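So the structure is just underneath, and the comments pick up after that.
Just so it is clear, the structure is predicted and the values come from calculations on it, not from any experiment. Heads up: numbering here begins at 1 and tracks the sequence.
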Amino acid sequence: MTAATDLAFDPWDPAFVVDPYPAYAELRARGRVLYYEPSDQWLVPRHADVSALLRDRRLGRTYQHRFTHEEFGRTAPPPEHEPFHVLNDHGMLDLEPPDHTRIRRLVSKAFTPRTVEQLRPYVHRLAGELVAGLVEAGGGDLLADVAEPLPVAVIAEMLGIPEADRDQLRPWSADICGMYELNPSEETAARAVRASVEFTEYLRGLIAARREEPGEDLISGLIAAHDEGDRLTEQEMISTAVLLLNAGHEATVNATVNGWWALFRNPDQLAALRADHSLVPSAVEELMRYDTPLQLFERWVLDEIEIDGTVIPRGAEIAMLFGSANHDPEVFADPGRLDLARRDNPHISFSAGIHYCIGAPLARIELAASMTALLEQAPTLSLAAEPERKPNFVIRGLRGLDVEIR
């Protein structure tokens with residue numbers, strides 16, 4: 001068995017969190033799958049394997065559609081964590097067919113190409129207004145002033161969450177997403193549970209209001225689908241709304257600030273982008289590859305699999321390293337170089353298979369809209385202070401990004 005514990009891979013080391021990519025190169029050189037005892041996971045660092053496993057039906061985001069905790073050799077979560085797990089486990093990201101298929105089919109109606117394209121003018125207008133505010137102030141925190149409010153407003157608008165309530169969404173989301181890190185602490189779990197209870201109660205009330213007075217929003221649409229025979233429990237509606245809110249802005253917020261921090265560190269590429277705004281679409285893809293917002297994605301082994309001669313038994317957990325896969329030299333020429341004109345770019349930042357990000361087209365519109373607005377309205381945008389990384393490994397982002405406009 002090949003182990004990863006003697007390598008530089010250490011998700012709890014601040015130096016690793018700042019720059020995990022050299023450690024990933026070590027992992028890829030060591031093998032296709034490595035056991036990591038501190039998190040009891042099998043790490044998969046290479047692009048070809050991650051891409052294939054994302055589509056492999058012998059793996060699942062859950063095992064409870066087939067096995068009890070005891071049958072699977074796992075311990076049930078502590079009872080005090082139950083509010084988090086009830087909320088999380090009824091969202092389509094953590095379900096497998098047929099429940100996943102049923103819920104995704106209903107939600108996908110709100111994310112058709114036509115529907116998403118209709119949002120483009122609203123997204124660009126909002127991005128322009130947010131950047132105008134940043135310009136008027138002469139700078140500020142790019143995260144708090146542009147990166148965060150844009151996707152939060154868009155997904156909240158889609159769901160029908162009143163503007164006055166939206167300031168609660170980001171804190172709830174941050175506390176819930178803390179549970180996706182490796183081996184979260186009891187303090188992290190307590191915050192996630194509290195946020196799960198509060199978020200659930202809020203959405204329960206909003207669903208009740210939409211039953212009385214439906215609108216054109218997604219929550220009203222899910223209620224209508226339920227009433228027309230597409231069965232969707234209230235808990236599934238709540239969990240779906242939370243998933244869309246969390247996924248609908250966490251990745252976009254972090255992709256924005258990770259991306260601009262990468263541009264400031266690569267002035268030649270920033271200069272090329274400023275000189276040619278037609279690079280924006282390929283720049284969005286390259287920045288998501290270069291510093292991936294979601295570094296790791298977990299799957300349970302439902303049926304024994306073999307990777308490069310290593311048998312991984314049922315009941316094991318696999319950690320697919322998206323950040324490593326996106327820097328695999330077997331797929332990306334000179335992967336450590338930021339190349340905004342990169343054409344062959346099959347990054348897996350949006351995952352793949354049945355759990356491919358349903359909001360990827362909308363995220364691309366949001367990222368392009370904010371980037372274009374900043375290029376057009378703030379051509380002298382520059383870094384005001386060295387940013388600090390969040391201590392998280394799985395969801396990779398910054399605490400803030402202070403910029404100035406001269």
Side-chain angles (χ1 to χ4, degrees), residues 17-19 122-156 166-167 169-171 173-174 177 246-275 277 279-295 338 340 349 362-392 395-406:
V17 171
V18 167
D19 184 11
Y122 169 72
V123 173
H124 278 270
R125 183 174 71 252
L126 182 55
E129 291 168 359
L130 291 168
V131 170
L134 186 76
V135 171
E136 189 177 348
D141 181 358
L142 189 64
L143 188 150
D145 297 338
V146 177
E148 190 173 88
L150 176 63
V152 170
V154 172
I155 196 67
R166 294 176 186 175
D167 60 346
L169 302 178
R170 181 69 168 161
S173 174
C177 288
N246 290 352
H249 73 266
E250 280 291 341
T252 311
V253 170
N254 293 323
T256 302
V257 291
N258 289 348
W260 277 95
W261 174 220
L263 288 170
F264 291 138
R265 300 196 318 275
N266 291 270
D268 62 320
Q269 291 299 295
L270 179 54
L273 183 61
R274 283 173 168 157
H277 294 186
L279 284 173
V280 165
S282 62
V284 165
E285 303 303 319
E286 173 68 349
L287 290 166
M288 290 200 72
R289 179 202 71 83
Y290 184 76
D291 203 7
T292 310
L294 180 66
Q295 290 280 308
L338 183 67
L340 301 186
S349 302
L362 179 58
R364 286 183 164 109
I365 289 174
E366 292 169 349
L367 291 166
S370 67
M371 181 178 286
T372 300
L374 286 162
L375 291 170
E376 291 176 349
Q377 296 186 50
T380 61
L381 186 75
S382 61
L383 190 66
E386 187 91 358
E388 183 184 349
R389 278 263 169 225
K390 288 182 179 178
N392 306 344
I395 299 175
R396 180 170 173 79
L398 303 173
R399 292 191 186 276
L401 189 62
D402 292 333
V403 295
E404 57 189 7
I405 302 161
R406 294 173 180 166

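- Across all their heavy atoms, I405 and A378 have their closest contact at CD1-CB, 3.9 Å.
- Side-chain contact check for H249 versus E366: every heavy-atom pair is 4.5 Å or farther apart.
- Expressed to the nearest 0.5 Å, how far NZ of K390 lies from CD1 of I395 amounts to 8.5 Å.
- Side-chain contact check for L150 versus T252: every heavy-atom pair is 4.5 Å or farther apart.
- Rounding to the nearest 0.5 angstrom, the gap separating the CD atom in E404 from the CG atom in L142 is 13.0 Å.
- The nearest pair of heavy atoms linking A262 to L287 is CB-CD2, 4.0 Å.
- Annotation for A144 and P149: closest pair O-CD, 3.3 Å, computed over non-hydrogen atoms.
- From E386, atom CD reaches atom CG of L401 across 10.0 Å, with rounding to the nearest 0.5 Å.
- For A373 against A127, the heavy-atom pair with the smallest separation is CB-O, 4.0 Å.
- Taking 4.5 Å as the limit, some side-chain heavy atom of M288 sits within range of a side-chain heavy atom of P293.
- Interatomic distance, E285 CD to R364 CZ, rounded to the nearest 0.5 Å: 4.0 Å.
- With rounding to the nearest 0.5 Å, the separation of CZ in R399 from CD in E388 is 4.5 Å.
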**Report entry** V403 vs L134, side-chain contact (heavy atoms from CB on, under 4.5 Å): CA-CA, chis, key distance, verdict
**Finding:** CA-CA 9 Å; V403 295; L134 186 76; 4.2 Å; yes
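- Within the structure, side-chain hydrogen bond (donor to acceptor under 3.5 Å, both in side chains) contacts touching residues 254-266 (residues at least two apart or in different chains) are N258-R389.
- Between E286 and L338, the closest side-chain pair of non-hydrogen atoms falls below 4.5 Å.
- Sorted by first and then second residue, the pairs that involve residues 141-155 and meet salt bridge (charged side-chain N to carboxylate O under 4.0 Å, His left out), not counting sequence neighbours, are E148-R170.
- Using a distance-only test at 3.5 Å, with no hydrogens or angles considered, a donor-acceptor pair links the side chain of R274 to the main chain of P379.
- Proximity of L273 to V280: side-chain heavy atoms (C-beta onward) are separated by under 4.5 Å at one or more points.
- Expressed to the nearest 0.5 Å, how far CZ of R406 lies from CG of L381 amounts to 11.0 Å.
- Counting only distance, with no hydrogens or angles, the side chain of S282 and the backbone of L340 share a donor-acceptor pair below 3.5 Å.
- Put simply, the side chain of T372 gets close to the backbone of A368: a donor and an acceptor are under 3.5 Å apart.
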